[in-house]
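First up is the structure itself, then whatever we jot down about it.
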Amino acid sequence: MNWHILLTSLVVFSTIFSCQAAGDEKQFSSPGIGYIEVRSDLEGARVYFDTLYMGYVLNGSLIIPVDTTVKPSWKNVRMEYSGYLPYAGPYIQTEAGKTIAYKIDLCNTSYYQTGMVRFTSEPAGTEFLLNGKSMGTTPDSGVLVAYTVPRGLYIVNAQRPGDQTITDEIYVDENAETKYSVEMVLSPLGELIIDSKPEGGEIFIDNRFTGLTPLYMKDVPAGEHRILIRLEGYQDWAGNVSVSGGSSSSVEAVFVSSGKQYEPEIVDEPDEPMEPKQ
């Protein structure tokens, strides 16, 4: 008997149920333990490593602890669900303390013309989209594996809050693995929303007139900017705003009356003519 396999199985089974209940909150942190997160829209879909049952999808995912100190004896990760075709794809080992995410979409048609895409991002937390459809976000390992991707040419987008969106093309071949890696960089542009009470104030950004409140601006350079808003009859409003790349900042000015009240012109009414005496 292979005692390494038996030991690994015992470790896995002893922690499956606690991780299943805890969801994304991993409470098991023994040395050498990593995690495989299987994501699917099919609640209750059953997951196997080869023929070893690992659990079922709950709230969109199943987190499986694995012992990374020994070489895994299984070769594939499998998913089954009643009424759907089962799927099996190559198992990719994780690292201690890290999570690799698998995205598996089961369907009722053949998987003959599908492949898999291994997305890798630096840093983690990057969302990948294929032709506008989200494949998911990379976990702490920065690795997301999307199985059952139909063969074809795709527009791939990588996006992360505060970072510049990356757009590219990839071709996914059937029964093959396509690797796509990105290194995200901070976006040099952000958005700015400027409003005032009352509205209609003249906006000057860094001493340049840019419009009237309310105003929504895209592609504003990241950094500190000086804002001046003027409205007749009110004191000027001035302040600074910090614009972060890839995010939206807002300014709302509340005007204070300048104290100059409009005084209506008074016109003396002419005396009514006296009626002549009879």
Side-chain angles (χ1 to χ4, degrees), residues 24-26 34-39 60-61 63 68 92-105 115-150 152-173 176-195 203-208 210-211 215-227 239-252:
D24 289 337
E25 297 179 3
K26 307 182 189 70
Y35 301 90
I36 299 295
E37 179 185 7
V38 180
R39 302 174 182 175
S61 69
I63 298 178
T68 63
I92 300 173
Q93 179 67 306
T94 184
E95 300 177 9
K98 297 291 186 178
T99 300
I100 287 183
Y102 296 166
K103 179 73 164 60
I104 304 178
D105 295 317
M116 59 180 287
V117 182
R118 186 193 298 202
F119 298 103
T120 306
S121 71
E122 175 61 40
T126 300
E127 181 183 19
F128 288 93
L129 299 90
L130 293 180
N131 288 351
K133 180 182 178 181
S134 176
M135 296 292 102
T137 302
T138 52
D140 55 8
S141 66
V143 179
L144 169 67
V145 181
Y147 294 99
T148 63
V149 178
L153 182 66
Y154 290 89
I155 299 296
V156 56
N157 289 21
Q159 57 190 32
R160 186 174 182 270
D163 289 343
Q164 207 166 359
T165 297
I166 297 175
T167 301
D168 211 339
E169 283 188 350
I170 61 172
Y171 183 82
V172 178
D173 207 350
E177 178 186 24
T178 302
K179 296 181 179 180
Y180 183 76
S181 300
V182 294
E183 184 173 345
M184 307 301 289
V185 295
L186 288 175
S187 173
L189 302 174
E191 299 177 349
L192 182 59
I193 302 172
I194 303 177
D195 201 357
I203 304 170
F204 296 84
I205 300 179
D206 299 329
N207 297 321
R208 296 182 62 182
T210 54
L215 180 65
Y216 167 69
M217 301 179 62
K218 297 178 63 178
D219 299 334
V220 179
E224 289 284 329
H225 297 277
R226 182 68 174 172
I227 308 294
N240 293 330
V241 62
S242 179
V243 176
S244 299
S247 62
S248 179
S249 302
S250 62
V251 171
E252 183 172 1

Inset, instruction - Evaluate side chain to side chain contact (heavy atoms under 4.5 Å, CB included) for Ser248 paired with Ile193, printing each intermediate quantity in order. - result: CA-CA 8 Å; Ser248 179; Ile193 302 172; 3.9 Å; yes
If I take atom [atom1] from residue [X] and atom [atom2] from residue [Y], how far apart are they, to the nearest 0.5 angstrom?
| X | Y | atom1 | atom2 | result |
| --- | --- | --- | --- | --- |
| Thr210 | Ile205 | OG1 | CD1 | 4.0 Å |
| Leu153 | Leu130 | CG | CG | 10.5 Å |
| Ile36 | Ser61 | CD1 | OG | 12.5 Å |
| Thr120 | Glu183 | OG1 | CD | 12.5 Å |
| Ser134 | Gln159 | OG | CD | 7.5 Å |
| Ser244 | Leu189 | OG | CG | 12.5 Å |

Any side-chain heavy-atom pair of [X] and [Y] under 4.5 Å:
| X | Y | answer |
| --- | --- | --- |
| Thr167 | Ile155 | yes |
| Pro188 | Gln164 | yes |
| Ile227 | Ile194 | yes |
| Lys98 | Ile100 | no |
| Pro139 | Arg39 | yes |
| Arg118 | Val143 | yes |
| Val241 | Leu192 | yes |
| Ser141 | Glu95 | no |

Legend entry - Other residues, nucleotides, ligands: >12 heavy atoms within 6.0 Å of Gln93 CD: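 Buried by this count: over 12 neighbours within 6.0 Å.
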Legend entry - Atom CG of Asn240 with >12 non-hydrogen neighbours under 6.0 angstrom: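 Above 12, so yes.
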Legend entry - Residues which pass salt bridge (Lys or Arg N to Asp or Glu O under 4.0 Å) with Asp195, listed by chain and number, not counting sequence neighbours: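 Checked Asp195 against salt bridge (Lys or Arg N to Asp or Glu O under 4.0 Å); zero matches.
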Inset, instruction - Run the salt-bridge test on Glu127 and Arg160 with the 4.0 Å N-O cut-off and return the result as yes or no. - result: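 No, no charged N to carboxylate O under 4.0 Å.
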Inset, instruction - Output all residues satisfying ring-ring contact (aromatic ring centres under 6.0 Å, His included) with Tyr154, sequence neighbours left out; order by chain, then residue number. - result: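 Tyr154: no ring-ring contact (aromatic ring centres under 6.0 Å, His included) contacts found.
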Inset, instruction - Report the C-alpha separation of Tyr147 and Val149 in whole Å, then their side-chain angles, then the decisive distance to 0.1 Å, and conclude whether the side chain to side chain contact (heavy atoms under 4.5 Å, CB included) test is met. - result: CA-CA 6 Å; Tyr147 294 99; Val149 178; over 6 Å; no
Inset, instruction - Start with the C-alpha distance between Ser121 and Thr138, add both sets of side-chain angles, then the distance that settles side-chain hydrogen bond (donor to acceptor under 3.5 Å, both in side chains), and finish with yes or no. - result: CA-CA 7 Å; Ser121 71; Thr138 52; 2.8 Å; yes
Inset, instruction - Indicate the ring-plane relationship of Phe119 and Phe128, choosing parallel, tilted or perpendicular according to the 30° and 60° boundaries. - result: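 Ring orientation, 0 to 90° scale: parallel.
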Inset, instruction - Measure across Ala222 and Gly245 and return the closest heavy-atom pair with its distance rounded to 0.1 Å. - result: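 Taking Ala222 first and Gly245 second, the nearest heavy atoms are CB-N, 3.8 Å.
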Inset, instruction - Apply side chain to side chain contact (heavy atoms under 4.5 Å, CB included) to Val172 and Val117, showing your working. - result: CA-CA 7 Å; Val172 178; Val117 182; 3.6 Å; yes
Legend entry - Intermediate values then yes/no, side-chain hydrogen bond (donor to acceptor under 3.5 Å, both in side chains), Glu37 and Tyr102: CA-CA 6 Å; Glu37 179 185 7; Tyr102 296 166; over 6 Å; no
Legend entry - Step-by-step side chain to side chain contact (heavy atoms under 4.5 Å, CB included) determination, His225 to Val243: CA-CA 8 Å; His225 297 277; Val243 176; 3.8 Å; yes
